[in-house]
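All of these numbers come straight from a predicted model, not from anything done at the bench. A, B, ... follow the sequence lines: proteins, then strands. Residue 1 opens every chain.
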Protein chains: 2
Amino acid sequence: MTSELQGRVRPVEVDRTSPVPLYFQVATRLQELIEKGEIGVGARIENEVDLAERLGVSRPTTRRAIQYLVERGMLIRKRGVGTQVVHPKVRRPVELSSLYDDLVAGDRAPRTEVLRLEVMPAPDLIANALEVAPGTPVTWIERLRYAGGEPLALMHNAIPLDVLPLTQDDLATHGLYELLRRNGLTPRIATQVIGARSATSAEAKTLTEKRGASLLTMTRTAWDAGGRALEYGSHVYRASRYSFELNLSAG
Amino acid sequence: MTSELQGRVRPVEVDRTSPVPLYFQVATRLQELIEKGEIGVGARIENEVDLAERLGVSRPTTRRAIQYLVERGMLIRKRGVGTQVVHPKVRRPVELSSLYDDLVAGDRAPRTEVLRLEVMPAPDLIANALEVAPGTPVTWIERLRYAGGEPLALMHNAIPLDVLPLTQDDLATHGLYELLRRNGLTPRIATQVIGARSATSAEAKTLTEKRGASLLTMTRTAWDAGGRALEYGSHVYRASRYSFELNLSAG
DNA sequence: TCCTGGAGTTTGTCATGACAAAGTATTGAC
DNA sequence: GTCAATACTTTGTCATGACAAACTCCAGGA
């Protein structure tokens with residue numbers, strides 16, 4: 001019960017000429033120390049006041065750095081006690097990225113086949129999800145996504161025409177989210193529903209599954225920072241090849 | 001193009017005698033105004049400096065209140081532009097709650113049947129998920145969850161014995177998370193994997209589904225603020241009756 | 001022995017002041 | 001009239017100072 005938990009952080013230098021905010025420099029450095037295990041799980045880090053003084057930054061700056069890691073689930077703070085390492089890895093909140101990006105990052109050789117691409121007036125269901133008037137022109141896309149040479153997912157998307165016109169070539173070589181971002185459209189908020197159902201015979205054939213095989217379903221609507229609906233998607237994944245991973249943290 | 005977007009917030013009073021932090025009072029009041037539609041979607045709110053002055057609080061306090069709503073997806077900020085309402089409802093991040101709590105909240109009359117409850121040494125898979133030594137004593141639970149009189153989910157959980165001893169009676173009438181919280185154990189971080197598969201004949205029978213019906217699967221490990229693993233769960237849900245809803249926001 | 005009270009530690013909240021950076025709008029030159 | 005430079009607005013970052021609240025620990029009294 002003495003000072004066994006008093007893991008002291010090593011010197012952290014800040015670069016005031018850098019355009020990177022100081023609080024972020026401090027947070028990044030702390031994160032490195034924790035990920036490398038130099039500050040072990042369970043250890044308390046230096047208190048805010050001392051840490052600030054040693055780094056030559058103000059206490060609010062130090063606080064903000066620590067807060068950043070608290071929100072990511074690495075640290076917890078207790079008033080009167082201190083700040084403790086609870087997990088050596090960053091637990092990201094659920095990410096807002098496309099399947100394509102995920103596969104690229106996971107080195108699973110994605111390929112996309114565009115089955116259909118047409119402009120049509122939005123039916124009620126889609127108009128409702130996108131919060132636009134029924135009949136608003138949208139680009140309707142059906143794509144088959146392969147990974148490692150095998151079909152993985154059948155994807156249906158609707159993108160309002162005035163958000164972004166899309167071509168077959170773009171979609172064959174890039175993820176939808178990448179195309180959105182490239183045009184300055186950044187998804188910021190999304191609502192998703194994840195469920196499951198059995199494959200229809202057409203779906204089974206397309207995905208090279210048996211009829212009645214279990215499929216994961218995901219429908220999503222994504223909005224940009226301005227509150228404009230960018231995309232509605234209704235996808236089915238081969239449950240035998242794919243699952244969703246989530247990291248949650250509660251306030 | 002004049003000032004149509006300049007929705008000004010009405011007077012907001014702060015109560016300095018209240019134990020509720022000022023930033024939270026301001027945030028709550030702003031949230032109310034937005035939810036009631038008094039500040040419409042797309043409207044800009046007053047700038048930080050003016051708002052602070054009018055409320056008689058400092059700019060950091062105002063900033064913190066606004067930041068709180070930004071993180072919840074109601075507002076977005078742009079440097080040089082201002083702060084804009086993008087959504088009239090709070091978009092909560094994915095919640096860390098149990099199915100039981102959700103059903104109670106949704107008024108779906110949950111009922112729980114405890115099929116099995118025993119203490120056993122943790123097998124490798126579970127020990128691994130809980131990050132404890134293999135063989136550590138855990139309480140192993142199998143429960144059948146009903147909603148609206150019908151079976152909804154078959155739930156398997158492992159709780160380390162030194163975290164919390166459990167009895168059959170407790171579990172029949174309360175959700176697992178409620179029991180944890182009641183004993184001062186608050187889940188703070190969790191990792192989940194959501195997938196799907198076909199029901200085995202035993203599962204189908206228990207859940208009154210046809211053999212081969214699609215089931216949603218969810219495995220989860222939850223940790224408390226101290227980084228201690230509280231619970232490992234492996235559940236299957238009737239896909240015909242249940243799906244997961246998520247709200248995401250990307251920084 | 002127990003437990004109550006107070007001192008000390010550490011994070012939580014709040015104020016004030018200052019400058020930087022990123023947009024927007026206006027003005028002026030060509 | 002068009003375009004570029006400039007002024008202005010608004011949020012982003014940072015410092016300093018102060019007090020409050022929650023927790024731990026130890027000493028003293030019942």
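- Under the 3.5 Å distance criterion, the side-chain polar atoms of A:T136 are left unmatched by any main-chain donor or acceptor of A:V132.
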In dot-bracket notation, what is the pairing pattern of DNA chain D, taking Watson-Crick (N1-N3 plus N6-O4 or O6-N4) and G-U wobble (N1-O2 and O6-N3) contacts under 3.5 Å, with [ ] crossing and | for other strands?
-> ||||||||||||||||||||||||||||||
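- By the 4.5 Å heavy-atom criterion applied to side chains, A:L166 and A:L176 are counted as neighbours.
- For B:R44 and C:dA25, the CZ to C1' distance is 12 Å, given to the nearest whole Å.
- Taking 4.0 angstrom as the limit, B:R77 places a side-chain polar atom (N or O) nearer than this to OP1 or OP2 of D:dG12.
- A:D50 has its CG atom 10 Å from the C1' atom of C:dT10, to the nearest Å.
- Counting any heavy atom pair closer than 4.0 Å across all strands shown, B:V49 reaches a base atom.
- With values rounded to the nearest 0.5 angstrom, B:H174 atom NE2 is found 13.0 Å from B:L180 atom CG.
- Residues B:Y68 and B:V26 fail the side-chain proximity criterion, which asks for heavy atoms closer than 4.5 Å.
- When each of A:K78 and A:F24 is assigned the nucleotide of DNA chain D bearing its nearest heavy atom, the one mapping closer to the 5' terminus is A:F24.
- Nearest approach of B:W223 to B:A129, heavy atoms of both residues: CZ2-O, 4.3 Å.
- Atom CD1 of B:I66 and atom P of D:dT11 are 7 Å apart (whole Å).
- Taking only side-chain nitrogens and oxygens, A:Y23 never comes nearer than 4.0 Å to OP1 or OP2 of D:dC14.
- Considering only side-chain N and O atoms, A:R64 lies under 4.0 angstrom from the phosphate OP1 or OP2 of D:dT13.
- Close to D:dT10, at under 4.0 Å from its OP1 or OP2, lies no side-chain N or O of B:T83.
- Under the 4.5 Å side-chain criterion, counting only non-hydrogen atoms from C-beta, A:R16 is in contact with A:L22.
- Going from atom CZ of B:R16 over to atom C1' of D:dA18 covers 14 Å, rounded to whole Å.
- A sub-4.0 Å separation between OP1 or OP2 of C:dT13 and a side-chain N or O of B:T61 is absent.
- A straight line from CZ of A:R79 to P of D:dT24 spans 13 Å, rounded to a whole angstrom.
- Note on A:P60: a base of the nucleic acid sits closer than 4.0 angstrom, heavy atoms only.
- Residue A:R59 is classed as a base contact, given a heavy-atom separation below 4.0 Å to a base.
- Counting non-hydrogen atoms under 4.0 angstrom, A:R63 reaches a base of the nucleic acid.
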Going 5' to 3' through nucleotides 4-9 of chain D, assign each nucleotide B (protein heavy atom under 4.0 Å from a base atom), S (under 4.0 Å only from sugar-phosphate atoms) or - (no protein heavy atom that close).
-> -----B
